[in-house]
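Count residues from 1 along the sequence. Here the structure is a predicted model, which is why all the values come from computation and not from measurement.
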Amino acid sequence: MSETIRDTADVSRRQMLRGIGLTAFMVVPGAAVLSACATGGDDGDTGNTVSNSGDAKNPLGVKADAPLEVVIFKGGLGDEYATQVHEPLYKKSFPQAEIKHVATQQIAQTMQPRFAAGNPPDMIANAGSDNMDNLALQSEGQLQDLTALFESPSVDDPSKKVKDTLVPGAYDVGVIDGKPYMLAYVYTAYGLWYDKNQFTKNAWTAPKSWDDFKAFCEKAKSAGITPYAYAGKNASYYQYWMILISAAKIGTNKVLLDIDNLESGAWTNDAVRKSAAAWAEIGKFMDKSFEGLIHTEVQTQQNQGKIALYPSGSWLENEQKKETPATFEYSVTPTPSVTSSDKLPFEAVRAVAGEWYIVPSKAKNVQGGMEYLRLMLSKEGAKGFTEKSGNLTIVKGAAEGLPLSPGNRSVAALQLAAGDNVVTDSRFESWYKELETELRTQTNALMFGRSSADQFCENMQKKADAIKADSSVTKQHRDK
């Protein structure tokens, strides 16, 4: 299960610790998303300016024989993508450079003395439960402004800037105070997952409209299969993602921006009401017992052929690989269109870039660290990452021609079909923990028949208004 958007940090504690230079090393669940918000400290400018040299092969002006130190979080992605793909690419460009590779699961613990001593490495994969708080690092002037990287010519096509080779939204999530300080490299898509072989066997088609969706549910129910389910005990957020995605499709991403910005009436917006009402209809097809199950229990039931459609992100296939029989083939479809007048098309999907890569501003080889990221964002670098880690990247078209797993093939097709029609992520989930907790409760009440769509919207608006009025809660804002 993805936990990148869970509990928000204690802001007052962070402000206190910032004064003694320790905030960046707090273990902060949810720091990945929080760090992408459009607020930062007053002292975030590093003064370490890197500009383009005009040389397409070495646009960042890397010194050919300068040593490079790379630190990789060795977790679910492993580190072979670095040792066997990205570092060799760098060595090919700069054969005189000595590369030091460090792999660890204790990023903050390992890096704290390095940052304190003013001797950080040149590039860090800042991930895992012991990750550093990117927002705090930036506010303390520890992160390099990556503008020159994203404005550089791409490795594959020098006529294009690096940032123009990325999927929509990938650049924006790394921006703080109007400047890019982080690279979010891994592409995650959200939708409704199913067994392609089960659908073929039953001559089922993934629904595209809400009428299709309800008709499909009747067919699956008649076949003795639960049409749709999610885990209410620990993963009701899997379901509220779907409600928010549908609301955005009905009324555009502005619906979600208004929710994040605590705008008056954001939750009682007609798009949210229509989405909640539509999903409540689907909830009628779920057995009440699912409210007491955790995500892996429901996912395993799907692997056993008992559940047709399941809401999740693209980590699902890898998470369930030990439980998935050889006859099961993961595939994903976007949420169906709720109305014929939805502002975003059926193909629109929620897609989020994650897994942070940073260049410390006080590194000895800042240019080299940035060039390392530029090589990661080449098609060769991105393809190699997918081959070694089993995950897709934010580089457009990089997965074409690769022997992908069924789930990843489906995600790649989803990405291609969506084009620029991307549903934005929701930042309130990490900004305002009490609001997120209330949404879990209200989602279960809606989906398991204890409240109406109107009650759902009114209860959420009441909670949002209370948070907005609470002066002790630090408010955040986003424009896109």
Checking ring-ring contact (aromatic ring centres under 6.0 Å, His included) against Y190, which of W315, Y240, Y310, Y238 comes through?
W315
Between F216, Y228, W204, F199, which is the residue that forms a ring-ring contact (aromatic ring centres under 6.0 Å, His included) with Y194?
F199
Quick check: closest heavy atoms across [X] and [Y], and the distance to 0.1 Å?
X    : Y    : value
D425 : R478 : O-NH1, 2.8 Å
P153 : R374 : O-NH1, 2.8 Å
A271 : G251 : CB-N, 4.0 Å
V423 : A248 : CG1-CB, 3.7 Å
D479 : L257 : O-CD1, 3.7 Å
P227 : C217 : CG-O, 3.2 Å

Between [atom1] of [X] and [atom2] of [Y], what distance do you get to the nearest 0.5 Å?
X    : Y    : atom1 : atom2 : value
K163 : L183 : NZ    : CG    : 14.5 Å
I294 : K233 : CD1   : NZ    : 7.0 Å
Q105 : N131 : CD    : CG    : 13.0 Å
D130 : Q106 : CG    : CD    : 4.5 Å
I394 : M376 : CD1   : CE    : 8.5 Å
K254 : D258 : NZ    : CG    : 3.5 Å

Would you find a donor on one side and an acceptor on the other, under 3.5 Å apart, between the side chain of [X] and the backbone of [Y]?
X    : Y    : answer
Y181 : Q142 : no
R427 : D260 : no
S389 : N391 : yes
K249 : A348 : yes
T393 : V395 : yes
T437 : K433 : yes
D342 : P345 : no
R440 : S236 : no
Q461 : A266 : yes
N253 : V422 : yes

Strictly by modelled atom types, are W193 and Q320 linked by a side-chain donor-acceptor pair under 3.5 Å?
no
For the residue pair E317 and S405, confirm or rule out a side-chain donor-acceptor distance under 3.5 Å.
yes
Step by step, work out the salt bridge (charged side-chain N to carboxylate O under 4.0 Å, His left out) result for R409 and E329.
CA-CA 11 Å; R409 283 200 304 271; E329 184 174 333; 3.7 Å; yes
Take W279 and S246 through the side-chain hydrogen bond (donor to acceptor under 3.5 Å, both in side chains) test and state the conclusion after the steps.
CA-CA 9 Å; W279 279 106; S246 292; 3.0 Å; yes
Applying side-chain hydrogen bond (donor to acceptor under 3.5 Å, both in side chains) between Y330 and each of N408, N197, N303, D195, report the one that passes.
N303
For the pair F456 and W267, name the ring-plane relationship: parallel under 30°, tilted 30 to 60°, perpendicular over 60°.
perpendicular
Stepwise, does the salt bridge (charged side-chain N to carboxylate O under 4.0 Å, His left out) test hold for K480 with D172?
CA-CA 8 Å; K480 62 180 179 178; D172 296 327; 3.3 Å; yes
Tell me whether the NZ or CZ atom of K288 lies within the 45° cone about the ring axis of F448 and under 6.0 Å from its centre.
no
Decide yes or no for T268 and C457: does some side-chain heavy atom of the first lie under 4.5 Å from some side-chain heavy atom of the second?
yes
Student check: side-chain heavy atoms of Q302 and V298 closer than 4.5 Å:
no
Determine, stepwise, if the pair D454 / S452 fulfils side-chain hydrogen bond (donor to acceptor under 3.5 Å, both in side chains).
CA-CA 5 Å; D454 285 345; S452 67; 5.2 Å; no
Does CD belonging to E434 count more than 12 external heavy atoms closer than 6.0 Å?
no
Verify the ring-centre separation between W210 and F213: is it less than 6.0 angstrom?
yes
Might you work through the side-chain hydrogen bond (donor to acceptor under 3.5 Å, both in side chains) test for E438 and Q442, ending with a clear yes or no?
CA-CA 6 Å; E438 181 69 14; Q442 295 301 328; 2.8 Å; yes
D212 vs S209, side-chain hydrogen bond (donor to acceptor under 3.5 Å, both in side chains): CA-CA, chis, key distance, verdict:
CA-CA 5 Å; D212 290 342; S209 72; 3.1 Å; yes
Could you check R450 against E291 for salt bridge (charged side-chain N to carboxylate O under 4.0 Å, His left out), going step by step and ending with a plain yes or no?
CA-CA 12 Å; R450 296 192 300 276; E291 189 168 10; 2.8 Å; yes
I would like to know whether E218 and K221 meet salt bridge (charged side-chain N to carboxylate O under 4.0 Å, His left out); could you show each step before the answer?
CA-CA 5 Å; E218 294 288 358; K221 183 179 178 180; 5.4 Å; no
